[in-house]
Structure formats: structure tokens, C-alpha cells
Amino acid sequence: MTEGEVVDHVVAALKRGEGGHLVTPNIDISRIVARDERARGFVEGADLAVADGMPLVWAARLLGTPLPGRVAGADLIWSLSEAAAFYRHPVYLLGGPAGAAVQAACELVGRHPKLMIAGVDAPPYGFEDDPESYARVRDAVIAAAPRLVFVGLGFPKQERLIASLRRDLPGTWFVGCGSAIAFAAGTVRRAPAWMRGGGLEWLFRLTREPGRLARRYLVDDLPYALRLLAVSLLRGLFS
């Protein structure tokens, strides 16, 4: 799907009173699900999965099964919020560093004044290991009764929480959006458009946060991406 088609799909489902789960796999998520069966289940069981990473778009092209393009969670938080504002669907922001969800809500409402914010929350690190903290986070979302929830806690933590919440909010759409809340808030800067389109967003983020991202990007993700592209090329040539 294109980004516009994703928005149309979610809006149509909400009109029917149907909820869902949208995942946005990138190279890091793909690497995780390749070796973790439970994590893979979150992606396979989602209602929609879109490629949030140019290497996945390139791999699909090499396989001979091209995608319309990249659909990033950092873009969907804006386009889905625009639709939610138009149709008056309450939105909940869950995740990001301290204060990011509040600031993201202000930015989204600033662009779409009719947007209804049902609630915001930025749980502390490790909240999922404390039953009381975990219950507080869940109960707050359920009490707010949003129709659209952006969950930016990182994969697969955000998907585990989404799976739990869906039982209580069957008419709500949940978007596992990673760093999208921080991007919307402006606490984390996005790469320029030309770097995003050229598959270099990881390099931009690496230069901004080398201490946190060097191992993930250079040791874990880069070798996986190169293997993925090589295998996709070979399969595409000989299929």
C-alpha cells in the first residue's frame, strides 16, 4: 500500500467500528523477527504491515515483488492524525522520552486544530516489568477510549502491549510507531528528505546518536541488510 491507501484503509475500518494493528517493519525489526519466533508472530498477526525502510523496498524490488514505496511511521503519525481530526476520532499518544508525548500532541493539534487528544503518556524505562506500572499504563488507555493509538515504545515491547490492549479496545486501531512520537515532538530530528529517499536515514541518526546507535546499526543491522539484499537478488534472478 501507499501511505494514502493505508490511511484510507484505517479510516474505512474505523467507520465500520473495526479496530486493528499496524506494524512498520524496518531493517532492525526484520532482523529481530528473523531469529525470534514470538516477535515474528507480532508482524505476521498484524492487520497491516508496511515497509518503514528503503532496504526493504529495494529487497522487494530485487525479488520481483515491488512495493509502492516506503511508508514510515514518522509520516503516518501526521497523515493518520489529519484523518482522525477530520472524522473526529480521538487519538492517544503512548511512548517517547519524558515530555515527548505532550509536545507531540501540541505539534499535531497545532497543525490540525480539530484533532481530539484522548490522552498522552510516556512510561518510564522498564515499566513493563512492574505489574503496577504496567496496569496503570493499560488502564489509562482503556479509560480514555481512543479510536487511534500511536505506541512508540520500540519493537517488540510496543507490540506486546498492543496485543494486550486490543482485547479491551476491539474498535481501536493501534500503530506501533517506534520513534515517531519523538520525531513529531521535535525532540529527535529527522534526516533530510533526500537522505530518507536514498536509504541513508540510518547514517544521519548514527551521526546524531553514535553512542546509542553504533552497535545496532553497524554491528547488527548493516550486515543483515547486506545479506538480505544479496539473497533477494539471487532469488529474484533464479526464480
Side-chain angles (χ1 to χ4, degrees), residues 1-14 16 18-80 83 150-152 154-156 158-160 162-163 166 173-180 183 190-205 216-239:
M1 290 182 173
T2 64
E3 182 181 344
E5 289 170 338
V6 170
V7 174
D8 290 343
H9 181 94
V10 172
V11 167
L14 287 172
R16 297 191 299 268
E18 299 173 0
H21 178 199
L22 169 60
V23 294
T24 57
N26 55 18
I27 280 294
D28 194 57
I29 291 176
S30 299
R31 177 183 59 81
I32 293 171
V33 302
R35 56 183 174 82
D36 186 326
E37 184 176 352
R38 185 182 180 193
R40 184 163 63 251
F42 290 129
V43 175
E44 293 177 340
D47 298 276
L48 289 179
V50 295
D52 186 352
M54 287 306 297
L56 299 184
V57 176
W58 297 334
R61 191 177 303 159
L62 291 171
L63 281 168
T65 55
L67 298 169
R70 180 189 182 197
V71 182
D75 295 322
L76 282 171
I77 195 171
W78 294 100
S79 53
L80 284 170
F150 294 100
V151 189
F155 183 90
Q158 61 196 22
E159 272 64 37
R160 286 195 290 267
I162 288 170
R166 287 195 67 185
W173 267 86
F174 295 87
V175 182
C177 63
S179 299
F183 284 134
R190 285 198 78 185
W194 69 269
M195 295 189 79
R196 299 199 300 267
L200 296 174
E201 188 166 13
W202 67 273
L203 182 60
F204 178 85
R205 294 193 64 190
R216 182 203 300 181
Y217 285 169
L218 299 178
V219 177
D220 297 329
D221 290 353
L222 185 57
Y224 176 83
L226 294 175
R227 288 196 303 271
L228 174 67
L229 292 171
V231 169
S232 298
L233 174 60
L234 290 173
R235 288 184 176 176
L237 288 173
F238 295 104
S239 63

What donor-acceptor contacts under 3.5 angstrom involve side-chain atoms of residues 44-58, with partners at least two apart or in another chain?
residue : atom : partner : partner atom : Å
Asp47   : OD2  : His21   : N            : 2.8
Asp47   : OD2  : Arg166  : NH1          : 3.1
Asp47   : OD2  : Arg166  : NH2          : 3.4
Asp52   : OD1  : Arg70   : NE           : 3.2
Asp52   : OD1  : Arg70   : NH2          : 2.9
Asp52   : OD2  : Gly73   : N            : 3.1

Original post:
Do the side chains of Glu159 and Phe174 get nearer than 4.5 Å, heavy atoms only?
Top reply: no

**OP:** Step by step, work out the side-chain contact (heavy atoms from CB on, under 4.5 Å) result for Val10 and Val175.
**Re:** CA-CA 10 Å; Val10 172; Val175 182; over 6 Å; no

Subject >> Residues that Glu3 engages under salt bridge (Lys or Arg N to Asp or Glu O under 4.0 Å), provided they are two or more places apart >> reply: none

Subject >> Distance, nearest 0.5 Å, that separates CH2 of Trp194 from CD of Glu201 >> reply: 12.0 Å

Subject >> Sequence neighbours excluded, every pair satisfying side-chain hydrogen bond (donor to acceptor under 3.5 Å, both in side chains) that has a member inside residues 22-33 >> reply: Asp28-Arg31, Arg31-Asp221

Subject >> Selection residues 229-239 - residue pairs positive for side-chain hydrogen bond (donor to acceptor under 3.5 Å, both in side chains), sequence neighbours left out >> reply: none

Subject >> Trp202 CH2 to Arg216 CZ distance, which is reported to the nearest 0.5 Å >> reply: 13.0 Å

**OP:** Would you indicate whether the side-chain heavy atoms of Ile162 and Val23 approach each other to under 4.5 Å?
**Re:** no

Subject >> Test salt bridge (Lys or Arg N to Asp or Glu O under 4.0 Å) applied to Arg38 - qualifying residues, sequence neighbours left out >> reply: none

**OP:** State, with a plain yes or no, whether a side-chain heavy atom of Phe155 is found less than 4.5 Å away from one of Val33.
**Re:** yes

**OP:** Could you pull out all residues at least two apart from Glu5 that satisfy salt bridge (Lys or Arg N to Asp or Glu O under 4.0 Å)?
**Re:** none

Subject >> Interatomic distance, Leu80 atom CG to Asp75 atom CG [nearest 0.5 angstrom] >> reply: 10.5 Å

**OP:** Enter the distance from Leu229:CG to Leu234:CG here, rounded to the nearest 0.5 Å.
**Re:** 11.0 Å

Original post:
How close do Ala39 and Ile32 get, heavy atom to heavy atom, and via which atoms?
Top reply: CB-CG2, 4.0 Å

**OP:** Of all the heavy-atom pairs spanning Ile77 and Ala180, show the shortest one and how long it is.
**Re:** CD1-O, 4.0 Å

Subject >> Main-chain N/O of Leu14 paired with Glu18 side-chain donor or acceptor, under 3.5 Å >> reply: no

**OP:** Kindly compute the distance separating CG (Leu203) from CG (Leu218), expressed to the nearest 0.5 Å.
**Re:** 9.0 Å

Original post:
In Å and rounded to the nearest 0.5 Å, what is the CG to CG distance from Asp220 to Leu222?
Top reply: 10.5 Å

**OP:** Check whether any side-chain heavy atom of Trp173 lies under 4.5 Å from a side-chain heavy atom of His9, and answer yes or no.
**Re:** yes

